[in-house]
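Presented below is the structure to which this report refers.
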Protein chains: 2
Amino acid sequence: MTRYSRQTRILVAVDCIIFGFDGQELKLLLVKRHIEPEKGNWSLMGGFVEPGESFECAATRVLKKLTGLENVYMEQLSAFGDPERDPIERTVSVAYFSLIDINKYIQQISHEYDAEWFPIKKLPEVIFDHSNMIEMAKEKLRYKAAFHPILFELLPEKFTLPQLQSLYEGIYDAALDKRNFSRKILSTTLLVKQKDKEKETSKRGAFYYKLDRKKYANKFNAFLNFIPNPQKLK
Amino acid sequence: MTRYSRQTRILVAVDCIIFGFDGQELKLLLVKRHIEPEKGNWSLMGGFVEPGESFECAATRVLKKLTGLENVYMEQLSAFGDPERDPIERTVSVAYFSLIDINKYIQQISHEYDAEWFPIKKLPEVIFDHSNMIEMAKEKLRYKAAFHPILFELLPEKFTLPQLQSLYEGIYDAALDKRNFSRKILSTTLLVKQKDKEKETSKRGAFYYKLDRKKYANKFNAFLNFIPNPQKLK
DNA sequence: GAATTTAGTGTATGTTTTACACTTTTGTAT
DNA sequence: ATACAAAAGTGTAAAACATACACTAAATTC
């Protein structure tokens, strides 16, 4: 026996939901689709899964092709299998979401694709079921970040507490008290204070912090409860 | 254009991780695989995704075929795509996990399959990457149940607080204080006390409770923190 | 009616979360 | 040089929540 007979084989793709943060708001990287159908319309970056390639490999490959980045935070979101999701031919898609430092991306941008960052609140129309994927990814990010310290992945290596706070505020659409916020964040002991300050955005300047990568890896499963009323989340 | 040319099409399957609770311990429903390869070995219940059928449909169909049950708690766990996971031919699988009332199953059992409940702690060897799927499902169940009131799905319509507590204790391998437990559970106001008692397991008898299905649907996203130290979970 | 078994309940203590306001720093404008 | 503006940084008191802990109540069995 070498094959399962009488079964239908289906195209399998991956799609990447790529989040970035520019210091102000959460953004999503979309590309102009370069094949028919829907050629020229905005889309998640994706690609077919190749023979001998796992989903993770495929998603990593796709992400690297677009951003030049490797070793970034990536997590499987869900598989999408509606028979009608691609009008040309049935294609199932395994969606991954990534958190990247938007500045690193800018340096490494490949111009092979028409790619553009869109504020998460002003997304253009996207093809197929991609808006569905994006919606789910946003939800999962909010959910997960309420308990796990993953938002660091969106920031540069050195960042300030006000920057981190505004990231949380952006993602949860909530104003947080800076005293309570810094106490909570620092109580994780995941952050290491640096000697230098970021002086672009304020006269006084705010101290930089770095993530303690070792502790971060160990403590990833520490539930943090950063958000005052996680009840309100899905 | 009617097809994506030059792309490889792949077999797509679903597998169901079916949890049940017999009042003592958490169990998993496995079947004896009835096709080659690995015919006769223990396996999750699964099946190929058919043309025109979504993943949810396929998983629901597979679950119904085995258990006779519909409208049960079911959630996508993850897609598994290792190119080597099926030795015969590349097959990707979308795994779903379900929580069912084990008693309902017993009544409706289909004997078309050799199926058997195994205590989660004494599982036999299973085929392919199924132990991996099971491990992930166990983790997700523990994770999710720490915040969401889903374990009710494993119980019959009427249940007692001691039964519910022993379910939590089983799943988290922890002894819980019954005073604290009942306070926490009842504070959700999700349970409605019944007038009758369960008198099998004790002389005094314990009052039955029913889930308030309406509130349950609304409050599903209330994070409950049933478990004293969720830090310890993945 | 005594003994056994499990159900059911309350309180005091410690911990965590929340709400809240002033001082410090330093660049810019006069 | 001095005043002003703008954001950083810090502490405390009250409330809410989590925990630890032990006795009484109910009903069956002998």
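Chain naming here is simple, since letters A, B, ... match the order of the sequence lines and numbering starts at 1 in each.
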Without decimals, in angstroms, what is the distance between [X] [atom1] and [N] [atom2]?
X: Leu164(B); N: dA7(C); atom1: CG; atom2: P; value: 13 Å
X: Asp177(A); N: dG9(D); atom1: CG; atom2: P; value: 14 Å
X: Leu161(A); N: dT10(D); atom1: CG; atom2: P; value: 9 Å
X: Phe181(A); N: dA19(C); atom1: CZ; atom2: P; value: 16 Å
X: Phe207(B); N: dT6(C); atom1: CZ; atom2: C1'; value: 14 Å
X: Leu176(A); N: dT17(C); atom1: CG; atom2: P; value: 14 Å

Looking at [X] and [N], is any side-chain donor or acceptor paired with a base atom of the opposite kind under 3.5 Å?
X: Arg204(B); N: dT5(C); value: no
X: Arg183(A); N: dG9(D); value: no
X: Lys203(A); N: dA8(D); value: no

Give the nucleotide from the list dA7(C), dT19(D), dC21(D) with an atom nearest to the side chain of Pro162(B). dA7(C)

Looking at Lys199(A), I'd like to know whether one of its side-chain N or O atoms comes within less than 4.0 Å of OP1 or OP2 on dT25(C). no

Classify the ring geometry between Phe159(A) and Phe152(A) as parallel (under 30°), tilted (30 to 60°) or perpendicular (over 60°). tilted

In sequence, state the C-alpha distance, the side-chain angles, and the governing distance for Lys121(A) and Glu25(A), and then conclude on salt bridge (charged side-chain N to carboxylate O under 4.0 Å, His left out). CA-CA 9 Å; Lys121(A) 281 175 194 148; Glu25(A) 48 184 356; over 6 Å; no

Run the salt bridge (charged side-chain N to carboxylate O under 4.0 Å, His left out) test on Arg142(B) and Glu139(B) for me, step by step, so that the C-alpha distance in whole Å, both residues' side-chain angles and the decisive distance to 0.1 Å come before the verdict. CA-CA 5 Å; Arg142(B) 287 163 54 104; Glu139(B) 250 176 39; over 6 Å; no

State whether Glu75(A) and Lys144(A) are salt-bridged, where the test is any N-O pair (Lys NZ or Arg NE/NH1/NH2 against Asp/Glu carboxylate O) under 4.0 Å. yes

At 4.0 Å (heavy atoms only), tell me whether Thr160(B) reaches a base, stays on the sugar-phosphate, or touches nothing. nothing

